[in-house]
Amino acid sequence: MGIKSFQGRKAEPEKPQSKPMLVEDYMTTDLITFQKNQSIYAVMDLLTKHDISGGCVVNEQNELVGIISEGDCMKHISDSQYYNMPIEDYTVEKHMSCNVETIDGNMNVLDAAKKFIESKVRRFPIVKDGKLVGQISQRDVLKAAMNLQGQSWYV
């Protein structure tokens with residue numbers, strides 16, 4: 001006859017509850033923004049001074065109207081070289097991307113990572129009540145992932 005255990009059934013180990021990692025917790029809120037009437041030369045100056053690859057274009061009410069990037073500036077440099085035209089004469093409005101995809105600040109950062117891969121963009125603006133409140137970049141998502149070290153990716 002075998003020995004019976006009187007300990008009962010073992011309890012499942014509790015999984016630690018992890019706090020959702022939201023975009024709003026990792027987004028940048030201190031933004032360098034641009035106006036439609038700024039020159040491309042001024043944009044290039046700010047991009048290089050602040051070591052950023054692009055930024056949001058807003059109107060006087062801080063509403064998002066577009067995005068300008070290093071790539072947009074590079075295209076202008078190439079065009080101006082080809083047509084022998086000065087760089088300073090062109091404005092942001094002529095070179096910015098107008099159909100800007102935004103994401104919600106309440107989105108999970110890992111879902112944002114997937115969206116970055118699908119969209120092939122380097123930054124997403126975050127708009128709340130029609131106003132620009134922040135921006136999340138691929139680098140911000142990498143920083144969030146570093147905070148998961150030793151934890152499960154399932155949050």
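We count residues from 1, following the sequence as given.
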Between R123 and S53, does the side-chain hydrogen bond (donor to acceptor under 3.5 Å, both in side chains) criterion hold? Intermediate values first, please. CA-CA 9 Å; R123 71 196 59 77; S53 63; 2.4 Å; yes
Verify same cluster id: V43, L31 (apolar side-chain graph, 4.5 Å):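 No, V43 does not connect to L31 through the hydrophobic network.
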Side chain to side chain, [X] and [Y], heavy atoms closer than 4.5 Å:
X: R122; Y: S137; result: no
X: V23; Y: I126; result: yes
X: C73; Y: H95; result: no
X: N37; Y: V92; result: no

Does S69 use its side chain to pair, donor to acceptor, with the backbone of G71 at less than 3.5 Å?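 Here the side-chain-to-backbone pair exists.
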Exam field: side chain E70 to backbone M44, donor-acceptor pair closer than 3.5 Å: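 Checked: no pair found.
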Of all residues at least two apart in sequence or in a different chain, which pass the salt bridge (charged side-chain N to carboxylate O under 4.0 Å, His left out) check with [X]?
X: D104; value: none
X: K120; value: none
X: E60; value: none

Nearest atoms (heavy-atom pairs only) where Q138 meets V121: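 Closest pair (atom of Q138, atom of V121, distance): NE2-O, 2.7 Å.
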Where K128 and V133 come nearest, the two heavy atoms and their spacing: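 For K128 and V133, the tightest heavy-atom pair comes out as CB-CG1, 3.9 Å.
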What's in the same ILVMFWY side-chain cluster as L64, cut-off under 4.5 Å, chained through other members?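 So far as hydrophobic clustering goes, L64 is joined with I67, V100, V127.
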Heavy-atom neighbours of K131 NZ exceed 12 at 6.0 Å: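 Yes.
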May I ask you to decide whether K115 forms a salt bridge with D111, counting only side-chain N to carboxylate O separations under 4.0 Å?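 No, K115 and D111 are not salt-bridged.
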Scan residues 96-132 for pairs that pass ring-ring contact (aromatic ring centres under 6.0 Å, His included), counting only residues two or more places apart or in two chains.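 Qualifying pairs: F116-F124.
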Result of checking D72, V57, I68 against S97 for side chain to side chain contact (heavy atoms under 4.5 Å, CB included):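 Among D72, V57, I68, the one meeting side chain to side chain contact (heavy atoms under 4.5 Å, CB included) with S97 is D72.
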Tell me, please, which residues at least two apart from V58 pass side-chain contact (heavy atoms from CB on, under 4.5 Å).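 Applying side-chain contact (heavy atoms from CB on, under 4.5 Å) to V58 gives T33, Q35, N62, L132.
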